[in-house]
Amino acid sequence: MKKTFNWEPKLGQAVCLIRYKDVEIIGSAQCHEDDEDFISERTGLFIAESRANIALWQHIKNNELKP
(Lines give C-alpha, C1' and ligand atoms only; values in the text may rest on other atoms or scores of the structure.)
Protein backbone atom coordinates (compact mmCIF):
# COMPACT_ATOMS: atom_id res chain seq x y z
CA MET A 1 0.00 0.00 0.00
CA LYS A 2 1.37 3.39 -1.00
CA LYS A 3 -0.05 6.81 -0.14
CA THR A 4 0.55 9.92 -2.25
CA PHE A 5 -0.47 13.41 -1.15
CA ASN A 6 -1.07 16.55 -3.20
CA TRP A 7 -1.82 20.06 -1.90
CA GLU A 8 -2.93 22.97 -4.08
CA PRO A 9 -2.66 26.11 -1.92
CA LYS A 10 -4.29 28.49 -4.43
CA LEU A 11 -7.37 26.27 -4.69
CA GLY A 12 -7.38 25.11 -1.08
CA GLN A 13 -7.63 21.52 -2.30
CA ALA A 14 -6.01 18.46 -0.78
CA VAL A 15 -5.91 15.00 -2.38
CA CYS A 16 -4.74 11.65 -1.03
CA LEU A 17 -4.23 8.72 -3.40
CA ILE A 18 -3.91 5.21 -1.95
CA ARG A 19 -2.66 2.37 -4.14
CA TYR A 20 -3.72 -0.95 -2.67
CA LYS A 21 -2.99 -4.04 -4.75
CA ASP A 22 -4.46 -3.14 -8.19
CA VAL A 23 -6.89 -0.50 -6.89
CA GLU A 24 -6.45 3.27 -6.67
CA ILE A 25 -8.56 5.01 -4.04
CA ILE A 26 -8.85 8.79 -3.84
CA GLY A 27 -9.83 10.98 -0.92
CA SER A 28 -10.14 14.72 -1.29
CA ALA A 29 -10.97 17.84 0.69
CA GLN A 30 -11.87 21.30 -0.58
CA CYS A 31 -11.82 24.44 1.54
CA HIS A 32 -15.12 26.35 1.50
CA GLU A 33 -15.06 29.88 0.07
CA ASP A 34 -16.19 31.36 3.41
CA ASP A 35 -13.23 29.75 5.20
CA GLU A 36 -10.41 30.94 2.94
CA ASP A 37 -8.86 32.85 5.85
CA PHE A 38 -8.27 29.55 7.64
CA ILE A 39 -6.84 27.42 4.81
CA SER A 40 -4.50 24.81 6.26
CA GLU A 41 -2.44 22.25 4.37
CA ARG A 42 -2.17 20.01 7.41
CA THR A 43 -5.92 19.94 8.10
CA GLY A 44 -6.82 19.47 4.43
CA LEU A 45 -4.43 16.56 3.99
CA PHE A 46 -5.66 14.95 7.22
CA ILE A 47 -9.28 15.11 6.03
CA ALA A 48 -8.35 13.81 2.56
CA GLU A 49 -6.38 10.91 4.05
CA SER A 50 -9.23 10.05 6.41
CA ARG A 51 -11.70 9.93 3.53
CA ALA A 52 -9.36 7.78 1.46
CA ASN A 53 -8.87 5.38 4.42
CA ILE A 54 -12.64 5.04 4.87
CA ALA A 55 -13.03 4.25 1.17
CA LEU A 56 -10.20 1.71 1.41
CA TRP A 57 -11.79 -0.03 4.40
CA GLN A 58 -15.12 -0.18 2.57
CA HIS A 59 -13.38 -1.68 -0.47
CA ILE A 60 -11.66 -4.31 1.69
CA LYS A 61 -14.92 -5.13 3.49
CA ASN A 62 -16.95 -5.46 0.29
CA ASN A 63 -14.39 -7.23 -1.90
CA GLU A 64 -12.18 -9.28 0.43
CA LEU A 65 -14.02 -10.02 3.65
CA LYS A 66 -17.64 -10.54 2.56
CA PRO A 67 -17.14 -12.79 -0.48
Side-chain angles (χ1 to χ4, degrees):
M1 176 171 41
K2 181 178 178 184
K3 292 183 182 180
T4 306
F5 297 95
N6 187 19
W7 167 248
E8 293 293 332
K10 293 181 181 178
L11 300 174
Q13 185 177 19
V15 177
C16 176
L17 174 68
I18 299 177
R19 289 192 176 98
Y20 175 75
K21 296 185 179 178
D22 294 334
V23 179
E24 289 186 350
I25 297 174
I26 298 174
S28 64
Q30 176 74 39
C31 184
H32 193 271
E33 295 171 1
D34 296 341
D35 297 328
E36 288 181 349
D37 297 341
F38 306 104
I39 289 178
S40 170
E41 176 181 4
R42 190 172 188 180
T43 302
L45 291 175
F46 175 79
I47 293 169
E49 182 181 14
S50 297
R51 290 178 178 170
N53 281 329
I54 291 169
L56 174 64
W57 297 331
Q58 288 176 342
H59 169 77
I60 291 170
K61 177 188 79 172
N62 294 332
N63 296 302
E64 294 180 13
L65 298 176
K66 278 192 174 179

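Just so it is clear, the model here is predicted, and its values are computed rather than measured. Values reported hereafter were calculated over all heavy atoms of this structure, with side chains retained and with hydrogens, waters and symmetry mates removed.
In plain terms, the two heavy atoms of Ala29 and Arg51 that are nearest each other are CA-NH1, 3.8 Å. Taking each heavy atom of Ala52 and Gly27 in turn, the nearest pair found is CB-N, 3.7 Å. In plain terms, the two heavy atoms of Ile39 and Cys31 that are nearest each other are CG1-SG, 3.5 Å. Scanning all heavy atoms of the two residues, the minimum distance from Trp7 to Ala14 falls at CE3-CB, 3.8 Å.
Annotation for Phe46: atom CZ does not count as buried by contact number, only 12 or fewer foreign heavy atoms lying within 6.0 Å.
Membership of the apolar cluster around Ile26 extends to Val15, Leu17, as traced through chained side-chain contacts below 4.5 Å between ILVMFWY residues.
In the hydrophobic clustering of this structure, Ile60 groups with Val23; members are Ile, Leu, Val, Met, Phe, Trp, Tyr whose side-chain heavy atoms approach within less than 4.5 Å, directly or through other members.
A salt bridge links Glu64 with Lys21: at least one charged nitrogen is closer than 4.0 Å to a carboxylate oxygen.
To the nearest 0.5 Å, atom CG of residue Asp35 and atom OG of residue Ser40 are 12.0 Å apart. Taking NZ of Lys3 as the reference point, atom CD1 of Ile25 lies at 11.0 Å (rounded to 0.5 Å). With rounding to the nearest 0.5 Å, the separation of CG in Asn53 from SG in Cys16 is 6.5 Å. Between the CD atom in Glu24 and the NE2 atom in His59 there is a gap of 12.0 Å [rounded to 0.5 Å]. For the atom pair CG of Leu56 and CZ of Arg19, the computed distance is 13.5 Å after rounding to the nearest 0.5 Å. Distance check: Glu49 CD to Phe5 CZ gives 4.0 Å after rounding to the nearest 0.5 Å.
With sequence neighbours left out, the side chain to side chain donor-acceptor pair (under 3.5 Å) criterion links Thr4 to no other residue. Leu11 meets the side-chain contact (heavy atoms from CB on, under 4.5 Å) test with Glu8, Gln13; sequence neighbours excluded.
Asn62 places a side-chain N or O within 3.5 Å of a backbone atom of Gln58 that can act as its donor or acceptor partner.
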